[in-house]
Structure formats: structure tokens, C-alpha cells
Amino acid sequence: MSEKQFRLYDSLSRSVKPLTTLEPGHLRFYSCGPTVYSYAHIGNFRSFITADLVVRTALSLGWKVTWVSNITDVGHLTEDDVADAQGEDKMEKALRSKEGEQFHNVWELAEFYEDAYREDWKQLNLLEPDVRPKATQHVREQILVAEELISKGYAYETDSGIYFSVEKFAGYGKLSGNTQENLRKAVRDVVLDEEKKDQSDFAIWKKDDKHLMQWFSPYGWGFPGWHIECSVMARAYLGDTIDLHSGGEDNKFPHHECEIAQSEALTGKPFSNHWTHTAFLQVNGQKMAKSAGNFYTVRGLVADGADPLAIRFALIGGVYRKPFNFTDQGLSDAATNLERFRRAVEIALAASGEGEDKLGEELAGLFDDALEAMCSDLNTPVAIAKALEGARLITREGNLNASTGLSAKTFLERVELLLGIIGPLETAPEPVQSLPAVDEIRILGQIEARKAAKAVKNWGQADDIRNVLLAEGILLTDNPDGTVTWSRA
RNA sequence: GGUGCCGUGCCCAAGUGGCCUAAGGGGUCGGUCUGCAAAACCGAUAUUCAGCGGUUCGAAUCCGCUCGGCACCUCCA
């Protein structure tokens, strides 16, 4: 089973190819994280979950993984921009928003949204990266790289900053498919900078002594350019050449294109051997945007009663490489399926008694199919289908003996490691939510009253009791063995 | 204007040359169980893959055109 090949689409070669590692069995992986100027939305999380699924698949194959996922806590913002009501700067908007009023400065704002991001990350059951570096912790290295790129002739200084000279790097455009010629022809209102040798050149360092976040460099006060942080942090933790780099499709150009240029110009070695990009998410058939009122965040959906795991489940209902439509219907479909896994977990944990293992072989086969699907360019829908088939086998069997139960538990644990849609097995049956307290004594009393009514075949009264409790959110269930249990509806 | 992606049943969504007389989920309909429900389980639900041409012994899968949707095209992830 460990002989499987992990095939993954590579944006650079534009083909599905085996994910290879420089060191056998050890994946060194860098995934682009968010800029913490606001709450990450579920579209952001779709690409983070792709990274998480790559790691889960690798771990399921028995690989060792070193996963680095950055947090960008440097924004492009100047005091002038803040004062300008027409400004487009995201940090500025965040500071001026209702939520932004609580912050004294951008540092606090960045810290706040970083915490929120980590919480959402946990809620959606993503694994923890081995390292979560922050851009502001690596400014010194970024300055050193800028100096080295200048000395190697790839970068030059102007009055406004340090720029990377695109024409010096022959491979510029190999990821995005943009030729330098096309980039120049692009009919777009670009801010013209007469000092740049070529309008396609991009900033490594910006000189700005008014910036809300600034550092001192050989070029005076300023802040690092947009792309340099990832090049620097990937190299710091993973070496000159990494196995895989991922991000959202919007990262492909210019961000990743520029990373490649900087890193490869610096080291003379390939930056990443494999690139993967997650397609955009739509919400209820529309582009997600704050102006459209469909800007979904994890915490927003949870506040509306969504189960975080159901959000995750819904987000991986389509393959990562195709645009995906997140719908309210899809979310409730996912919640329904989630319940099926939770029932299977309850059954597996309740197993006891003598007997032969009835399901072990079949479940092992299904898990193998699910892993195979994930190894085929992260085919989550097929993997989920196989996992659901296994859950059905378990629930169909009903009462499991101890050895069958062990097989069931093993299956569910492996599915959880691979897909993360079940949650920790011990706590899975009870979704964590703050619900109003209930008067359990009263409910038990009503159950007894209904039992008495049923005993004299007063079905009307029995149904009334059940309906009244249901209206309060309490669901009564008549079990096959005659007992009655209640749960949250 | 350039570059790339997509269009599969009522809804979501796999499959990308023959095992497709198209997975899986939701929904709907029928059944088992139940006093009736709920849950679970069983069964049914696309001769067809946006449209039109073409290539091929064979196409949802390749090519062309048309229609529709999406993303990126610079210093703002």
C-alpha cells in the first residue's frame, strides 16, 4: 500500500505528475498563508485545505512532512493612504471599519486577525504546520537578499526602492504563461514609474518613511516588497530547493512568478519542483465579495449554526482544481453526511463481545480506494464516496463485536487522518457548540408521561408530548429495544 | 487585447478516447422497521454529458466554431 504514487497537477509543467521528494519519503512543503488584515473567508480556506489535504495524503502514505505555512503581517499602507478617503488600501479599510476601531495601530490589528485565523484553522480541522513564520520576523533576511540580488546584477536601486530586473531572468513568465511582451501590452492602468528600467520590474524593497510599518535598511526607512518574504522564509526553513509550493490561483501571477525569479536568481537552483494552485470558490453561484453580501467567513457560518466540520466537508466536495460553488444546500448536504460518519463512530466505539471480524477486509479495501483517489490529484469527491461506503457498511451491521469494532475504528481513524471530516473519534459524536441549557429532569419526566400514554394506546397524547418537545428543539427517538432517548434536533 | 480554466440528471459533483448501457451525496418516489414518526437499511430516479460540425472501428472524453460562466494580466496575494 505504501508503494502508491502520489500524483498531483503541477502548474509549472501543466500536467499531472508524481510528486517526488528530494529526500525519499520526506516532503518539504511551503504553502502561502493569508495576509492578516481581516478575517479569512472560506475561499481563502479552500486553498489552505488543499495544502492540508496534501499533507494528510502524504502522512497517510507514511511519509514524513515538513510543512511551512506563512502569515503575512506586512501590509502596503502609508499614513497618506489612511488619510485618503478614496484609498483602496486593505489595512486602511480594516482600521476604519467597525471592527478596526478597537485597534491602536496596525500591529495590533495584524495580531488580532492572526489569532482569528488560527482559530478558524483549528475549527476547520486543519493540521498544524510545523512552522508558521511571520514576514515581520524575517525582514533582516529580506534586506540581505535584496543586497545580494543587487550585487549579482539582478536588482537595482531607484529613488523609490529596490527593483528586480525582469529581463535579467530568462525564466520570467514560465509559471503564469505571461510573456514579457504580453505583460507590456496589457491594457491596464498601471502606475507608471519612470525610474524603473522596465514597467514589468517588481519591488523587492520600498522606500517609505511614512509607512505604518517600517524598518531601517541600507536604503533608508522602508518596508519589504510584496513577494520577497515567501522566497526568504521558504529558503530559511526548507532549503534552496523545495519539493512543493502551493497557493490560490490568484497567487500564480505575479506572486509566485516573482518568487521563482528572485529565488532562482539568488541560488541558481530550482526554487520548487512542484507547484499547485487551488481554483476560486463561488458562493451560491456568485463571485464572493463583500459588496455582494456573500462574504462567508468560518465564524460567520458557525454563528449561523453551521457545524465547522460540515463547512470543511462542503468545501472538499469538489476537486480543488476546478472552480467550486459553495451553496447553502451543499452545506446542509455535508451536515447530513457528517451525521452518517458520526453514527458509524458511535457504533464502532460501542462494539463489544466475541466474534470474528466481519468487516476488516472490506473496510481496508475501501480505505485503500480512498487513498488511491487522493493520490490521483486529490480526488476528494471519490475519496469521500469510498469513505461513506465504509460508514454504510458499519451502520448496516449495527451491533458490532469487539474485533469488527476494532476494524471499524481503525477505518474511521484512517479516514480522519486522510480527509479530516470526522474529527477526533472520542469527541466526534458531540458537536462543540454553545447551546442554551435544557431542563433534563423535565424532559425525562415528559418521556415517562409519553410512555404511560403509549401504554394505554393514547397515541394523540403521546404525539403531542413529542411535538411540544420538538418545537423546543428536543428530538425524542424510540429505539428498537423499547428505550427512548432524546437529543438536540 | 493577452493568458489559463470550466459548462455532466431536480441540486451539488466524479469521470477526460473503449471496463460509461456516466461514481458518490442531497432531493424526490416506493419498500423494510415503527402505533405513527425519526434514524437506519433496501430499491427506483441521465440511451445521455451546453449547441453544431469534424477526427476515430469507437468520444462526455480529441479538434474547430458558437453560446454561457470564471480567474489572472504588477507592486493590492
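Below, all heavy atoms of this structure are taken into account, side chains as well, without hydrogens, waters or symmetry copies.
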Spacing between Phe253(A) atom CZ and rC72(B) atom C1', to the nearest angstrom: 9 Å
ring-ring contact (aromatic ring centres under 6.0 Å, His included) assessment of His138(A) paired with Tyr237(A): CA-CA 11 Å; His138(A) 294 272; Tyr237(A) 296 100; 5.5 Å; yes
Sugar-phosphate only, base, or nothing, as touched by Glu397(A) at under 4.0 Å among non-hydrogen atoms: nothing
Residues in ring-ring contact (aromatic ring centres under 6.0 Å, His included) contact with Tyr39(A), at least two apart in sequence or another chain: Tyr113(A)
Residue list, ring-ring contact (aromatic ring centres under 6.0 Å, His included) with His274(A), at least two apart or on another chain: none
Check: Ser376(A) side chain, Asn379(A) main-chain N or O, donor-acceptor pair, under 3.5 Å: no
With sequence neighbours excluded, residues passing salt bridge (Lys or Arg N to Asp or Glu O under 4.0 Å) with Asp463(A): Arg466(A)
Watson-Crick or G-U stems of RNA chain B, 3 or more pairs, under 3.5 Å, by first number: B:1-7 with B:67-73, B:10-12 with B:24-26, B:27-32 with B:40-45, B:50-54 with B:62-66
Inter-nucleotide C1' distance (rU74(B), rG18(B)), Å rounded: 47 Å
Distance, P atom - from rC10(B) to rU48(B), rounded to whole angstrom: 12 Å
Listed once per pair and sorted, the salt bridge (Lys or Arg N to Asp or Glu O under 4.0 Å) pairs that draw on residues 34-53 of chain A, sequence neighbours left out: Asp52(A)-Arg56(A), Asp52(A)-Arg312(A)
Per-nucleotide protein contact string for nucleotides 12-19 of chain B, where B marks a base within reach and S marks sugar-phosphate only (heavy atoms under 4.0 Å, - for neither): -SSSB---
Touch class at under 4.0 angstrom, heavy-atom based, for Gly43(A) against every strand present: nothing
Pairs involving residues 5-16 of chain A, ordered by first then second residue, that meet salt bridge (Lys or Arg N to Asp or Glu O under 4.0 Å) (sequence neighbours left out): Arg7(A)-Glu372(A), Asp10(A)-Lys17(A)
Touch class at under 4.0 angstrom, heavy-atom based, for Cys32(A) against every strand present: nothing
Under the side chain to side chain contact (heavy atoms under 4.5 Å, CB included) test, residues paired with Asn399(A) that sit two or more places apart: none
Touch class at under 4.0 angstrom, heavy-atom based, for Arg46(A) against every strand present: nothing
All ring-ring contact (aromatic ring centres under 6.0 Å, His included) counterparts of Phe112(A), not counting sequence neighbours: Phe103(A)
Ile421(A) CD1 to rG25(B) P, straight-line distance once rounded to whole Å: 13 Å
Pairwise C1' distance for rC67(B) and rC52(B), with rounding to whole Å: 11 Å
P atoms of rC49(B) and rG7(B), separation to the nearest Å: 14 Å
Main-chain N/O of Phe324(A) paired with Gln282(A) side-chain donor or acceptor, under 3.5 Å: no
Just the table, please: protein N/O against nucleotides 40-43 of chain B N/O, every pair under 3.5 Å.
| from | atom 1 | to | atom 2 | distance (Å) |
| --- | --- | --- | --- | --- |
| rA40(B) | OP1 | Arg343(A) | NH2 | 2.5 |
| rC41(B) | OP1 | Thr395(A) | OG1 | 3.2 |
| rC41(B) | O3' | Arg396(A) | NE | 3.4 |
| rC42(B) | OP1 | Arg396(A) | NE | 3.3 |
| rC42(B) | OP1 | Arg396(A) | NH2 | 2.3 |

rA46(B) versus rC63(B) - spacing of their C1' atoms, nearest Å: 26 Å
Sugar-phosphate only, base, or nothing, as touched by Asn70(A) at under 4.0 Å among non-hydrogen atoms: base
Separation of the P atoms in rA60(B) and rC19(B), to the nearest angstrom: 10 Å
Spacing of the C1' atoms in rA50(B) and rA39(B) (rounded, Å): 40 Å
Atom pair distance, as rounded to whole Å: CZ in Phe164(A) and P in rU74(B): 18 Å
Those residues that, when tested against Tyr9(A), pass ring-ring contact (aromatic ring centres under 6.0 Å, His included) (two or more places apart): none
Separation between the C1' atoms of rC11(B) and rU16(B), rounded to whole Å: 23 Å
Salt bridge (Lys or Arg N to Asp or Glu O under 4.0 Å) partners of Glu389(A), counting only residues at least two apart: none
From rG26(B), rG24(B), rG35(B), nucleotide with atom closest to Asn337(A) side chain: rG26(B)
From rC36(B), rG24(B), rA77(B), nucleotide with atom closest to Arg466(A) side chain: rC36(B)
